[in-house]
Undergrad: 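Have a look at this one before I ask anything.
In what follows, chains carry the letters A, B, and so on, assigned in the order in which the sequence lines appear, proteins first and then strands, with residues in each chain numbered from 1.
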Amino acid sequence: MKKISDERLVLRNLQNIKITYIVQTIGILGILGYELAQGGVEGMRQNPLWLVFMLTSVVYAYMTMSVSVEHETKMKDPKKSLMISVVVLILIALVVAYLTSITPNFGYGDGGLIGAIIFICGYIPCHYVYRLRQKQQEDLEDDE
Amino acid sequence: MKNNVKVARIKADLTQQQLADEVGITRQTVSLIEKGKYNPSLKLCLQICYAVHGKLDDLFWVEKEEFE
(Lines give C-alpha, C1' and ligand atoms only; values in the text may rest on other atoms or scores of the structure.)
Protein backbone atom coordinates (compact mmCIF):
# COMPACT_ATOMS: atom_id res chain seq x y z
CA MET A 1 0.00 0.00 0.00
CA LYS A 2 1.23 3.48 -0.86
CA LYS A 3 1.91 5.89 1.98
CA ILE A 4 -0.71 8.63 2.17
CA SER A 5 0.94 11.99 1.47
CA ASP A 6 -2.25 14.03 1.17
CA GLU A 7 -2.55 16.10 4.35
CA ARG A 8 -6.35 16.26 4.09
CA LEU A 9 -6.58 12.47 4.02
CA VAL A 10 -4.04 12.16 6.84
CA LEU A 11 -6.25 14.45 8.93
CA ARG A 12 -9.35 12.45 8.02
CA ASN A 13 -7.53 9.27 8.98
CA LEU A 14 -6.78 10.77 12.40
CA GLN A 15 -10.42 11.73 12.80
CA ASN A 16 -11.42 8.18 11.90
CA ILE A 17 -9.03 6.86 14.55
CA LYS A 18 -10.62 9.25 17.07
CA ILE A 19 -14.10 7.94 16.27
CA THR A 20 -12.85 4.34 16.48
CA TYR A 21 -11.32 5.10 19.89
CA ILE A 22 -14.61 6.56 21.13
CA VAL A 23 -16.58 3.52 19.92
CA GLN A 24 -14.02 1.16 21.45
CA THR A 25 -14.10 2.98 24.79
CA ILE A 26 -17.91 2.89 24.83
CA GLY A 27 -17.71 -0.87 24.16
CA ILE A 28 -15.17 -1.44 26.93
CA LEU A 29 -17.24 0.64 29.37
CA GLY A 30 -20.36 -1.31 28.37
CA ILE A 31 -18.68 -4.66 29.02
CA LEU A 32 -17.18 -3.43 32.31
CA GLY A 33 -20.56 -2.00 33.34
CA TYR A 34 -22.18 -5.34 32.64
CA GLU A 35 -19.51 -7.14 34.71
CA LEU A 36 -20.03 -4.62 37.50
CA ALA A 37 -23.76 -5.32 37.54
CA GLN A 38 -23.17 -9.09 37.42
CA GLY A 39 -20.26 -9.67 39.78
CA GLY A 40 -19.66 -6.37 41.57
CA VAL A 41 -16.38 -4.44 41.64
CA GLU A 42 -14.28 -7.60 42.05
CA GLY A 43 -15.93 -9.23 39.04
CA MET A 44 -15.21 -6.15 36.97
CA ARG A 45 -11.57 -6.04 38.03
CA GLN A 46 -11.01 -9.67 37.09
CA ASN A 47 -11.80 -8.88 33.47
CA PRO A 48 -8.56 -8.12 31.55
CA LEU A 49 -10.45 -5.30 29.85
CA TRP A 50 -10.21 -3.42 33.16
CA LEU A 51 -6.43 -3.43 32.80
CA VAL A 52 -6.70 -2.20 29.20
CA PHE A 53 -9.07 0.55 30.28
CA MET A 54 -6.81 1.67 33.15
CA LEU A 55 -3.71 1.59 30.94
CA THR A 56 -5.34 3.75 28.24
CA SER A 57 -6.65 6.13 30.92
CA VAL A 58 -3.15 6.55 32.36
CA VAL A 59 -1.59 7.09 28.91
CA TYR A 60 -4.31 9.62 28.06
CA ALA A 61 -3.82 11.41 31.39
CA TYR A 62 -0.07 11.78 30.75
CA MET A 63 -0.71 13.12 27.23
CA THR A 64 -3.26 15.58 28.61
CA MET A 65 -0.63 16.90 31.04
CA SER A 66 1.50 18.25 28.19
CA VAL A 67 -1.54 20.02 26.74
CA SER A 68 -2.42 21.48 30.14
CA VAL A 69 1.11 22.77 30.70
CA GLU A 70 1.14 24.50 27.31
CA HIS A 71 -2.32 25.88 27.99
CA GLU A 72 -1.20 27.60 31.20
CA THR A 73 -1.41 31.33 30.56
CA LYS A 74 0.77 32.37 33.51
CA MET A 75 4.32 31.11 33.63
CA LYS A 76 4.88 29.07 36.74
CA ASP A 77 8.25 28.51 38.30
CA PRO A 78 8.81 24.77 37.70
CA LYS A 79 10.89 24.26 40.85
CA LYS A 80 8.41 26.04 43.11
CA SER A 81 5.46 24.10 41.64
CA LEU A 82 7.34 20.82 42.07
CA MET A 83 8.16 21.68 45.70
CA ILE A 84 4.50 22.50 46.49
CA SER A 85 3.31 19.29 44.79
CA VAL A 86 5.87 17.16 46.64
CA VAL A 87 5.01 18.70 50.04
CA VAL A 88 1.27 18.11 49.45
CA LEU A 89 2.03 14.59 48.21
CA ILE A 90 4.14 13.79 51.30
CA LEU A 91 1.33 15.03 53.56
CA ILE A 92 -1.25 12.89 51.74
CA ALA A 93 1.07 9.84 51.84
CA LEU A 94 1.71 10.35 55.59
CA VAL A 95 -2.01 10.70 56.40
CA VAL A 96 -2.90 7.58 54.38
CA ALA A 97 0.03 5.66 55.91
CA TYR A 98 -1.08 6.65 59.42
CA LEU A 99 -4.74 5.79 58.77
CA THR A 100 -3.70 2.41 57.31
CA SER A 101 -1.47 1.60 60.27
CA ILE A 102 -4.25 2.24 62.83
CA THR A 103 -6.77 0.16 60.86
CA PRO A 104 -7.43 -3.21 62.57
CA ASN A 105 -5.46 -6.14 61.06
CA PHE A 106 -2.91 -3.73 59.58
CA GLY A 107 0.44 -2.78 61.10
CA TYR A 108 3.02 -0.02 60.73
CA GLY A 109 4.72 -2.03 57.99
CA ASP A 110 1.56 -2.02 55.87
CA GLY A 111 1.08 1.69 56.52
CA GLY A 112 4.65 2.43 55.44
CA LEU A 113 4.24 0.33 52.31
CA ILE A 114 0.97 2.03 51.27
CA GLY A 115 2.50 5.46 52.00
CA ALA A 116 5.58 4.63 49.89
CA ILE A 117 3.44 3.36 47.00
CA ILE A 118 1.29 6.51 47.05
CA PHE A 119 4.40 8.69 47.18
CA ILE A 120 6.09 6.94 44.24
CA CYS A 121 2.91 6.85 42.11
CA GLY A 122 2.26 10.52 42.86
CA TYR A 123 5.84 11.67 42.38
CA ILE A 124 6.15 10.36 38.79
CA PRO A 125 3.43 12.66 37.31
CA CYS A 126 4.70 15.58 39.45
CA HIS A 127 8.19 15.12 38.04
CA TYR A 128 6.80 14.70 34.52
CA VAL A 129 4.94 18.04 34.79
CA TYR A 130 8.12 19.61 36.20
CA ARG A 131 10.10 18.43 33.17
CA LEU A 132 7.37 19.69 30.80
CA ARG A 133 7.34 23.13 32.47
CA GLN A 134 11.13 23.27 32.37
CA LYS A 135 11.14 22.40 28.66
CA GLN A 136 8.46 24.99 27.97
CA GLN A 137 10.48 27.62 29.84
CA GLU A 138 13.57 26.77 27.79
CA ASP A 139 11.58 26.99 24.53
CA LEU A 140 10.17 30.37 25.51
CA GLU A 141 13.59 31.66 26.58
CA ASP A 142 14.93 30.89 23.11
CA ASP A 143 12.28 33.19 21.72
CA GLU A 144 13.24 36.21 23.87
CA MET B 1 -11.32 30.11 2.21
CA LYS B 2 -11.46 31.94 -1.10
CA ASN B 3 -8.32 31.71 -3.25
CA ASN B 4 -7.01 32.03 -6.80
CA VAL B 5 -5.61 28.53 -7.22
CA LYS B 6 -7.93 27.67 -10.12
CA VAL B 7 -6.94 30.76 -12.15
CA ALA B 8 -3.23 30.20 -11.46
CA ARG B 9 -3.51 26.50 -12.36
CA ILE B 10 -5.21 27.25 -15.70
CA LYS B 11 -2.60 29.95 -16.42
CA ALA B 12 0.13 27.39 -15.76
CA ASP B 13 -1.69 25.04 -18.16
CA LEU B 14 -2.14 22.27 -15.62
CA THR B 15 -5.10 20.01 -15.00
CA GLN B 16 -6.26 19.27 -11.45
CA GLN B 17 -4.73 15.80 -11.73
CA GLN B 18 -1.37 17.15 -12.96
CA LEU B 19 -1.21 19.67 -10.12
CA ALA B 20 -2.20 16.97 -7.65
CA ASP B 21 0.52 14.61 -8.91
CA GLU B 22 3.16 17.32 -8.80
CA VAL B 23 2.34 18.29 -5.23
CA GLY B 24 1.69 14.76 -4.01
CA ILE B 25 -1.96 15.12 -3.04
CA THR B 26 -5.21 13.73 -4.45
CA ARG B 27 -7.29 15.38 -7.15
CA GLN B 28 -10.19 15.65 -4.71
CA THR B 29 -8.05 17.80 -2.41
CA VAL B 30 -7.12 20.12 -5.29
CA SER B 31 -10.81 20.43 -6.13
CA LEU B 32 -11.76 21.18 -2.51
CA ILE B 33 -8.99 23.79 -2.22
CA GLU B 34 -10.16 25.52 -5.40
CA LYS B 35 -13.75 25.56 -4.13
CA GLY B 36 -12.50 26.99 -0.82
CA LYS B 37 -13.85 24.03 1.12
CA TYR B 38 -10.48 22.89 2.48
CA ASN B 39 -7.82 25.13 4.00
CA PRO B 40 -4.37 23.78 3.07
CA SER B 41 -1.42 24.05 5.43
CA LEU B 42 1.20 26.71 4.73
CA LYS B 43 3.53 23.99 3.48
CA LEU B 44 0.96 22.80 0.93
CA CYS B 45 0.19 26.39 -0.08
CA LEU B 46 3.88 26.91 -0.89
CA GLN B 47 4.07 23.64 -2.81
CA ILE B 48 1.08 24.72 -4.91
CA CYS B 49 2.73 28.11 -5.53
CA TYR B 50 5.94 26.41 -6.73
CA ALA B 51 3.93 24.10 -8.99
CA VAL B 52 2.01 26.92 -10.72
CA HIS B 53 4.97 29.36 -10.57
CA GLY B 54 2.92 31.82 -8.53
CA LYS B 55 3.39 33.86 -5.40
CA LEU B 56 1.69 33.13 -2.10
CA ASP B 57 0.24 36.65 -2.12
CA ASP B 58 -1.37 36.26 -5.53
CA LEU B 59 -2.79 32.82 -4.82
CA PHE B 60 -3.96 32.97 -1.25
CA TRP B 61 -4.15 36.58 -0.14
CA VAL B 62 -7.61 37.69 1.02
CA GLU B 63 -8.41 41.31 1.81
CA LYS B 64 -9.45 41.97 5.39
CA GLU B 65 -12.95 43.03 4.31
CA GLU B 66 -13.46 39.70 2.53
CA PHE B 67 -11.99 37.62 5.35
CA GLU B 68 -14.65 35.44 6.92
Undergrad: Would you say Met65(A) has more than 12 foreign heavy atoms packed within less than 6.0 Å of its CE?
TA: yes
Undergrad: Suppose a student defines contact as a heavy atom less than 4.5 Å from any heavy atom of chain B. Which residues in residues 9-17 of chain A would they list?
TA: Leu9(A), Leu11(A)
Undergrad: Would a single hydrophobic cluster contain both Leu132(A) and Tyr123(A), if residues Ile, Leu, Val, Met, Phe, Trp and Tyr are joined by side-chain heavy-atom contacts under 4.5 Å?
TA: no
Undergrad: Would you kindly confirm whether Val95(A) and Ile102(A) end up in one hydrophobic cluster when ILVMFWY residues are joined by side chain heavy atoms under 4.5 Å apart?
TA: yes
Undergrad: Show which side-chain atoms of residues 44-63 of chain B pair as donor or acceptor with protein atoms under 3.5 Å away, not counting sequence neighbours.
TA:
from, atom 1, to, atom 2, distance (Å)
Trp61(B), NE1, Glu63(B), OE2, 3.4

Undergrad: Should Val5(B) and Phe67(B) be regarded as members of a common hydrophobic cluster, given that ILVMFWY residues are connected when their side-chain heavy atoms come within less than 4.5 Å of each other, either directly or indirectly?
TA: no
Undergrad: Arg8(A) and side chain to side chain contact (heavy atoms under 4.5 Å, CB included): which single residue from Asn39(B), Ile33(B), Thr29(B) fits?
TA: Thr29(B)
Undergrad: Kindly give the heavy-atom pair with the smallest separation between Glu7(A) and Ser41(B), and that separation in Å.
TA: OE1-OG, 2.5 Å
Undergrad: Check the hydrophobic clustering (I, L, V, M, F, W, Y; side-chain heavy atoms under 4.5 Å; chains of links allowed) and say if Val30(B) and Leu14(B) are grouped together.
TA: yes
Undergrad: Grouping I, L, V, M, F, W and Y whenever their side-chain heavy atoms are under 4.5 Å apart, do Tyr34(A) and Phe53(A) come out in a common cluster?
TA: no
Undergrad: Quick one: does Ser5(A)'s side chain have a donor or acceptor within less than 3.5 Å of a partner on Gly24(B)'s backbone?
TA: yes
